[in-house]
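The shown structure was predicted, so the numbers you read here are calculated from the model rather than taken from an experiment.
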Amino acid sequence: MVNSNANALGIIFPNSYDKMVPELVSERLMASIPFASRYRLVDFILSSMVNCGIDNVSILVRQNYYSLMDHLGSGREWDLTRKNGGLNIVPPFAEKTIKVYNGRVEALASILNFLKGQKEKYVVMSDANIATNFDFNALIDAHIASGADVTVAYREEELPECLVNNSAPNKGLYYTLTLEDGRVKKIYINSQAQGVQNFSMNIYVIERELLIDMINTGFVRGYTYFERDILAPQLEKLNVQAFKYDGYVARISDMKSYFDENMKLLDDANLDALFSGNPIYTKIRDDNPTRYIDGAVAKNVMVADGCVIEGEVENSILFRGVKVAKGAKVKNCILMQDTVIEENANVEYVISDKKVRVTEGKEVKGTDTFPVFVAKHQVV
């Protein structure tokens with residue numbers, strides 16, 4: 001790993017956008033949703049920070065955080081087990097000032113004493129609903145070079161259909177930007193505009209002292225959301241610069257996007273775009289290599305370790321410990337950890353959560369536009 005970047009500390013908000021994928025977060029949060037056969041979504045932002053030398057990272061959890069704490073542990077896999085800094089998971093009620101928050105302002109207000117005691121000059125903040133191999137050093141360098149008060153990362157892309165057509169705005173706020181010579185002139189909240197937009201990635205860098213001042217002022221005034229309540233009304237006063245990111249990004253906005261973004265990784269070009277360059281770290285599970293028994297057929301699959309394949313698997317993502325018995329057929333599926341497909345079962349366009357069992361001879365089929373989801377521990 002690279003040397004420590006003593007100039008920046010990281011803050012991750014792992015519960016943002018939980019309501020967009022209610023099926024997957026009944027017992028976990030957005031950051032710990034399994035992705036790409038062996039990873040969790042938090043692995044990508046956390047690894048990106050570590051790869052850029054940010055060795056002081058706080059994760060402000062809100063609810064359903066047991067699975068995340070189990071996954072991250074002490075932070076050893078990310079080289080964040082340290083006496084000073086390292087990984088700091090902050091649950092509600094850890095101290096009397098830390099409460100269950102709604103938006104970033106409330107979350108940051110609860111750790112103001114922590115922020116005041118840190119030595120780093122800059123703070124980088126991110127949600128955990130995206131999988132990307134992000135270069136935080138490039139973001140920080142651009143922020144310093146521009147002399148900005150705040151720098152926000154964005155991508156030029158069309159808004160996901162599920163956001164534009166979302167009839168329940170309480171599922172989460174998303175932001176698009178109007179730019180003028182690189183400066184953010186206007187922030188649109190839950191825009192429904194068509195065509196390519198400057199779509200915010202909700203990744204920010206800001207000086208720590210300025211952030212403390214903003215949160216102090218905003219919290220007293222009852223503000224909740226950093227972008228909506230603090231940045232948007234002060235764009236004339238604050239120099240908010242935009243940082244265009246052209247790298248690979250998988251954004252999870254609903255169950256369909258979760259299915260699609262996983263499936264895109266079966267294309268080698270997308271896989272290389274996400275994983276080439278800096279490594280992505282994750283929790284190690286010491287297991288045997290996957291075994292393909294005589295008669296097994298596997299075509300265009302991403303398979304983690306510990307799997308046993310006796311049947312047919314095609315165009316599918318298999319997480320650790322999945323078992324596909326003799327005569328079983330799996331096609332266009334995402335099977336999470338320790339899922340079992342028994343003999344002669346047939347599953348197609350299915351997302352199975354952990355430890356699901358499809359019993360002998362059963363047939364479970366969804367479609368490419370509506371994959372079937374089977375909840376954790378269920379027996380079909």
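- Only one option out of L24, V42, V61 pairs with L29 in a side-chain contact (heavy atoms from CB on, under 4.5 Å); it is V61.
- Heavy-atom minimum distance, T359 versus V380: OG1-O, 2.7 Å.
- Within the 4.5 Å cutoff, no side-chain heavy atoms of M214 are placed close to those of I212.
- Counted by atom type alone, T282 and D43 present one or more donor-acceptor pairs between their side chains at under 3.5 Å.
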Does the salt bridge (charged side-chain N to carboxylate O under 4.0 Å, His left out) test come out yes or no for D305 and R291, once each step is laid out? CA-CA 9 Å; D305 50 306; R291 290 183 290 156; over 6 Å; no
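- Criterion: ILVMFWY side-chain heavy atoms under 4.5 Å apart, direct or through other members. Under it, M302 and Y258 are part of a common hydrophobic cluster.
- Screening residues 276-285 for salt bridge (charged side-chain N to carboxylate O under 4.0 Å, His left out) gives D70-K283, R285-D287, R285-D338 as the qualifying pairs, with residues at least two apart or on separate chains.
- Between the side chain of N344 and the backbone N or O of A328 there is no donor-acceptor pair closer than 3.5 Å.
- Here the CD1 atom belonging to I317 is positioned 11.0 Å from the CE atom belonging to M336, to the nearest 0.5 angstrom.
- The side-chain heavy atoms of D353 and Q378, taken from C-beta on, include no pair separated by under 4.5 Å.
- Applying the ring-ring contact (aromatic ring centres under 6.0 Å, His included) test to Y154 and every residue at least two apart in sequence or in another chain returns nothing.
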Apply the test side chain to side chain contact (heavy atoms under 4.5 Å, CB included) to residues V150 and E207: give CA-CA distance (whole Å), side-chain angles for both, the deciding distance (0.1 Å), then the verdict. CA-CA 8 Å; V150 183; E207 283 196 18; over 6 Å; no
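- Q337 is linked by a side-chain hydrogen bond (donor to acceptor under 3.5 Å, both in side chains) to nothing, counting only residues two or more places apart in sequence or in another chain.
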Would you check, one step at a time, whether the test side chain to side chain contact (heavy atoms under 4.5 Å, CB included) holds for M49 with V124? CA-CA 9 Å; M49 288 183 176; V124 292; 4.0 Å; yes
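- Every residue meeting the side-chain contact (heavy atoms from CB on, under 4.5 Å) condition with A153, not counting sequence neighbours, appears here in chain and number order: F134, M201, I203, F243.
- In this view, T132 and Y245 satisfy the side-chain hydrogen bond (donor to acceptor under 3.5 Å, both in side chains) rule, not counting sequence neighbours.
- Between R104 and D127, at least one side-chain N (NZ, or NE/NH1/NH2) sits under 4.0 Å from a carboxylate O, which counts as a salt bridge.
- Two residues are said to be in side-chain contact when any heavy atoms from C-beta on lie closer than 4.5 Å; F259 and D254 fail this criterion.
- M125 and L108 get closest at one heavy-atom pair: SD-CD1, 3.7 Å.
- Within a 6.0 Å sphere centred on NZ of K326, other residues, nucleotides and ligands contribute 12 heavy atoms or fewer.
- Test L87, T81, L80 against S74 for side-chain contact (heavy atoms from CB on, under 4.5 Å) and you get one pass: T81.
- Closest non-hydrogen pair, E343 versus A325, comes out as N-CB, 3.4 Å.
- Heavy-atom minimum distance, K331 versus S316: C-OG, 3.7 Å.
- The residues D229 and R221 are annotated as not salt-bridged, no charged nitrogen and carboxylate oxygen being separated by less than 4.0 angstrom.
- Among the candidates V308, V301, V322, V303, the single residue satisfying the side-chain contact (heavy atoms from CB on, under 4.5 Å) test with T290 is V303.
- A ring-ring contact (aromatic ring centres under 6.0 Å, His included) check over residues 209-240, counting only residues at least two apart or in different chains, returns the pairs Y204-F226.
- Ionic pairing of K244 and E156 is present here: one or more N-O contacts between side-chain nitrogen and carboxylate oxygen are shorter than 4.0 angstrom.
- A salt bridge between K264 and E261 is present, with a side-chain N of the basic residue lying under 4.0 Å from a carboxylate O of the acidic one.
- Two residues are said to be in side-chain contact when any heavy atoms from C-beta on lie closer than 4.5 Å; R28 and P34 meet this criterion.
- Not counting sequence neighbours, the partners of R155 by the salt bridge (Lys or Arg N to Asp or Glu O under 4.0 Å) test are E157.
- Salt-bridge formation is not detected for the pair R76/D79: no Lys NZ or Arg NE/NH1/NH2 atom is positioned less than 4.0 Å from an Asp or Glu carboxylate oxygen.
- Evaluation of the side chain to side chain donor-acceptor pair (under 3.5 Å) test over residues 138-148, restricted to residues two or more places apart or in two chains, returns H143-T151.
- Within a 6.0 Å radius of NZ in K355, no more than 12 heavy atoms belonging to other residues, nucleotides or ligands are found.
- The two residues Y349 and C333 come nearest to each other via the heavy atoms N-SG, 3.7 Å.
- Applying the ring-ring contact (aromatic ring centres under 6.0 Å, His included) criterion to F13, with sequence neighbours excluded, gives no partner residue.
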Applying side-chain hydrogen bond (donor to acceptor under 3.5 Å, both in side chains) to D213 and N216, what does each step give before you reach the verdict? CA-CA 5 Å; D213 289 342; N216 261 327; 5.0 Å; no
Take L46 and I12, measure what side chain to side chain contact (heavy atoms under 4.5 Å, CB included) needs, and give me the verdict at the end. CA-CA 8 Å; L46 185 58; I12 299 174; 4.2 Å; yes
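- Within 6.0 Å of atom NZ in K185, more than 12 heavy atoms from other residues, nucleotides or ligands are found, so the atom counts as buried in its surroundings.
- With 3.5 Å as the limit, one finds no donor-acceptor pair spanning the side chains of D149 and N239.
- Checked against side-chain contact (heavy atoms from CB on, under 4.5 Å), Q118 has the following partners two or more places apart in sequence or in another chain: L9, N56, F114, E120, R208.
- Here the side chains of V57 and D55 are not in contact, with every heavy-atom distance at 4.5 Å or above.
- Pairs passing the ring-ring contact (aromatic ring centres under 6.0 Å, His included) check and including a residue from residues 353-380, sequence neighbours excluded, do not occur.
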The test is side-chain hydrogen bond (donor to acceptor under 3.5 Å, both in side chains); show your working for N129 and Y174 and say whether it passes. CA-CA 12 Å; N129 64 319; Y174 61 91; over 6 Å; no
Stepwise side chain to side chain contact (heavy atoms under 4.5 Å, CB included) check, N102 with R62: CA-CA 9 Å; N102 288 314; R62 184 173 180 271; 3.5 Å; yes
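- Between I33 and V21 the shortest side-chain heavy-atom distance falls below 4.5 Å.
- Taking the side-chain contact (heavy atoms from CB on, under 4.5 Å) definition, one finds that S191 meets it with L159, T176, Y188, A193, sequence neighbours left out.
- The heavy-atom pair separating L68 from P14 by the smallest distance is CD2-CB, 4.0 Å.
- Annotation: the span from N262 atom CG to N270 atom CG amounts to 12.0 Å, rounded to 0.5 Å.
- N51 and S48 share no donor-acceptor pair across their side chains, judged by distance under 3.5 Å alone.
- Formation of a donor-acceptor pair under 3.5 Å by the S47 side chain with backbone atoms of I280 is not found in this model.
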